[in-house]
Amino acid sequence: MTRELSPQYDPATVERAIYARWVDAGVFTAHDARSLRAGGDRPPFTIVIPPPNVTAVLHMGHGLNNTVQDVIIRWRRMAGDEALWVPGTDHAGIATQNIVERQLAKEGTTRFDLGREAFVERTARFVEETGGVILQQLRAIGASCDWTRTAYTLSPELSRAVREAFVRLYEAGLIYKGHRVIHWCPRCLTSLSDEEAEHEDTTGALYYINYPLVGDGAPGSITVATTRPETMLGDVAVAVNPEDERYKALIGRRVRLPIADIEIPIIADEYTDPSFGTGVVKITPAHDPNDFEVGVRHHLPMPVVIDAEGRMAEVTDAAGRVPPVLRGADRFEAREQIVEMLKDAGVLAKVEQHQHAVRHCYRCGTVVEPRLSDQWFVKMAPLAKPALDAVRDGTIRIMPERWEAVYTNWLENIRDWNISRQLWWGHRIPVWYCEACGGEPIVSRDDLAGCPTCGGPVRQDEDVLDTWFSSWLWPISTLGWPNDCAPDLEAFYPTDVLVTAPEILFFWVARMIMAGYFFVGKAPFHTVYLTGVVRDMQHRKMSKSLGNGIDPLDVVQLFGADALRYTMISGLGLGTDVMLDPNNLEQSFAPGRNFTTKLWNIGRFLLGNVGEATVLPLSAIDRSRFTRADEWVLERLDLAIQECNAALGPARPDDTTWAEWERHTGLRLMEYTEAVRRFVWDELAAWYLESTKPRLAADAPNADDRDVARAVLVHVFDMALRLLHPVVPFITEELWQQLPERTEGGFLATACWPEVHGARSERAHEFELVRDAVSALRQIKAEYNIPIGKSVPAVLVAATSSARAVATEEAPLIGFLARASVTVAAEPPAGAAAHALLANGVQLIVPLAGAIDIEKECGRLSGELAQLEKQLAGLEQRLNNPNFVTRAKPEVVEGERHKLREWSARREQLRNKVTALCGA
RNA sequence: GGUCGCGUAGCUCAGCCGGUUAGAGCGCUGGUCUCACAUACCAGAGGUCCGGGGUUCGAGUCCCUGCGCGACCACCA
């Protein structure tokens, strides 16, 4: 039966079916027993997905990130590893809760109306019904996840891990309850970690306010500078630097706080910078982390004047501070009002524009309010130590390298992690309080019904844990921890590569490393691969709010998942951003679409021309039967395999740490892709495939040679498909399945990675002569406007006997490729009108006698000669320089000498030709 | 404010340890519907490697400096 492919590749019909077949065959399912660590014979290779928010829908960032992971995991799967890619989702505390709250708002109700239990239930239902969409979408882009291991941070299993982690840390003295100023989001009504409160440069104002001096001593006032006048109601002191001569005399005196109309002391504290503002700081311990520290040092009261919703209020210990007119006012409105009041009182000295960074909630963008409260913290310094060492000593490498500095810098200055959130959606903190006994909180792995000491009623802590408190356990919890004997943990932990965006390096990556060491004693992975960001043509990050996003599924529908993947990967320098134009998908994804089309057409040609007769394995063919083209393409294939392997690099360190030389090599996906592209397109398709056409023709004179060509063609294409599969899995699988001699049931996805075959003969090199001759012929034809399709007579002048021999043998092929009838001569034909110069001893091509414009040809050749002379001059100068000869590396000098010989010979030929052709 | 990175063809970027005539994709120009492919093929144009110093026999590559961008971190109110 003659195989035939549709003229047009239709990804839509192909991709869905192939994905289903992969899944049905269990191609993506990893088996713990096959792992070397569990007594099997395959090295395990594991990637855990950065779990997307359970409510997320696929965007380009996911597309990029997950394609990178899929390329890597497919490569390792083919390379013979027991490859596991663990998928899953994150319950995403704040984000998900916000969505459901917005729904409730639309219904005119709130979570408080609903009550905690009902709200959590409703959110869980919402997640169950609509969540996990993104996991379906990942299938559409070809992600080869092991879906039998899909995890969810709020599942019973992972929740158990979360609780175990909390208890162990508590028992180790690394979790404590702290009373301090934390970042508070007045919209989400929860505290945030330092990482969740993002700095944003803002133009604000610096207000200079006079606080009148009171009591004994000279009258007058002291001027403070503040960006947040509304917090002055919570002032408990003003501070100056003890060394500041201007204010030394005032230390210990008191000032009257305007508006609040109370007296507060002037204190001395190092924290005050004399060079900023007036050198006087108002101290508001409840609403500023620095002021809080000052307050602690000086045993000052800490009145709270802004409530949880960001409104002015006398919350605690603040009697008489907030005037009735301001009570309940939003903090920013209150600021305006207070400024007016200060103006009226004549104590506002001046207002200056001021650039400063204001922290915002990373989920809703609201300006964060520093607020005094009780929160649970993780003591980070002890956890950071091994995580820091791991990157320093090369147990873990971060790519691109520059992020290692960012990582170590953060860990060196690590601060304790606020892990409690005043939310309802998440893992409830496993702490109970006994009303009867009072005092110590009870931390427990199991839910408590009563007090273990007195049996009295207990009340669980109201707060839930930071979402990232479950995320940081992801590599261990998804593999079965805290069960230390879990088969997956044994077989697949530590994992190998972690692929993610740099923006969650601290949120997630660093903390996973800490958790890996603390809970299991081993780093969770050896490589962190940080991707770039997907941007539009104005270099703006793609985002929903800007409306400049591209829906990956649109691209899949238009051009196929492979086109999407190829486009992203081929344009992806290590750690660089990817620019795509949302307004011109056609052009943006042209590289991928064009490449898949090319592949398809190679397949069509091959299947249409190879025929149905048995195709021999390469090993069954005696080497002497290979043509120069065969030898050449096999050599190029070897080179491509080598280049791919070099670009992809070592899969894992040889030892427990990366050797210095390999630490920053590998995972160059762009270079890998480019290496195969060049082989497939520029070499296989452009030259080899063309060269086989006469050999494959049904009426080819030599049936034996036809078999050789068929065998080589199928072999080379097979290997190319293997090399390409990680990048473009669908179309390669589809084509591979159609190859002759394919046994049923096998998949390219699990076929083995190509190996370098070995040294080829000199004949491979001789094929270059064919290519050069054809190129020169085409060039001349183009220059003289001879239609490509029109066959012209041409003479190849081969100066050396060996070149003459090759040219003579290959003359039919050269003629076929260049559309010319080629004869070979030792000397330029007498009276020949034009000459072209070639390497390898083939020197002259004479197209159609009489069609040559002598003057034009002379001009061209003279230009070429002048250029060559110039280059030769430079080369000679270098070689005549004794310093170069003695100091440069021997191989470099030898290379230059070789070049000099070649160029000199070429100059000689050119000169002769110019003389012959143009006289002078 | 601290730390780091970037500036190479019209655009997006490769160019490792300094050493062939600085490359690719897209775009552009001219020509081809050549029996796998016009989503293609053939030929071609296009670069003072941001400016200025320096080290070196030799610098896109190393050092200094200026200009222009960007990222991350940050308790100067």
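These values consider heavy atoms only, across backbone and side chains, with no hydrogens, waters or symmetry-generated copies. Here is the naming used below: chain letters follow the sequence lines, and residue numbers restart at 1 for every chain.
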Just compare B:C76, B:U34, B:C37 and give me whichever is closest to any side-chain atom of A:Y271. B:C76
For residues 585-597 of chain A, which residue pairs pass the salt bridge (Lys or Arg N to Asp or Glu O under 4.0 Å) check, not counting sequence neighbours? A:E586-A:R593
Going 5' to 3' through nucleotides 11-21 of chain B, assign each nucleotide B (protein heavy atom under 4.0 Å from a base atom), S (under 4.0 Å only from sugar-phosphate atoms) or - (no protein heavy atom that close). -SSS----BBB
Rounding to an integer number of angstrom, what distance separates B:C28 and B:U65 when you compare their C1' atoms? 38 Å
Can A:E503 and A:K541 be counted as an ion pair, charged N to O under 4.0 angstrom? yes
Could you pull out all residues at least two apart from A:T223 that satisfy side chain to side chain donor-acceptor pair (under 3.5 Å)? A:N210
Can you figure out which of B:U39, B:G25, B:A77 approaches the side chain of A:A225 most closely? B:A77
Using the C1' atom as the reference point in each nucleotide, state the distance between B:G70 and B:G10 in Å, no decimals. 22 Å
In the 5'-to-3' direction, what one-character label does each nucleotide of nucleotides 67-73 of chain B receive under the scheme B = base within less than 4.0 Å of a protein heavy atom, S = sugar-phosphate only, - = no such atom? ----SSS
Provide the full list of salt bridge (Lys or Arg N to Asp or Glu O under 4.0 Å) pairs with a residue in residues 271-291 of chain A, sequence neighbours left out, each pair given once. A:D235-A:K282
How do A:V280 and A:Q587 order along RNA chain B: which one's closest nucleotide is nearer the 5' end? A:Q587
Just compare B:A77, B:G44, B:G25 and give me whichever is closest to any side-chain atom of A:Q779. B:G44
Say we look at B:C17 and B:U29: how far apart would their P atoms be, to the nearest angstrom? 38 Å
For B:C11 and B:U48, measure between their P atoms and round to the nearest Å. 12 Å
Integer angstrom distance from the C1' of B:A14 to that of B:A22: 11 Å
Distance below 4.0 Å between A:R359 side-chain N/O and B:C75 OP1 or OP2: yes
B:C41 phosphate, OP1 or OP2: any side-chain N/O from A:W681 under 4.0 angstrom? yes
Can you tell me which nucleotide in B:A43, B:C57, B:A40 comes closest to the side chain of A:N883? B:C57
A:L5 vs A:R604 side-chain heavy atoms within contact, under 4.5 Å: yes
B:G5 versus B:G46 - spacing of their P atoms, nearest Å: 36 Å
Can you find a heavy atom in the side chain of A:W600 that is under 4.5 Å from one in the side chain of A:Q8? no
Heavy-atom distance under 4.5 Å between the side chains of A:E876 and A:L900, does that happen here? yes
Of A:N601 and A:P591, the one whose closest RNA chain B nucleotide lies more 5': A:P591
Does A:E270 have any salt bridge (Lys or Arg N to Asp or Glu O under 4.0 Å) partners at least two apart in sequence or in another chain, and if so, which? none
Can you list the steps and then say if A:E643 with A:R678 is a salt bridge (Lys or Arg N to Asp or Glu O under 4.0 Å)? CA-CA 11 Å; A:E643 284 177 350; A:R678 200 181 50 233; 2.5 Å; yes
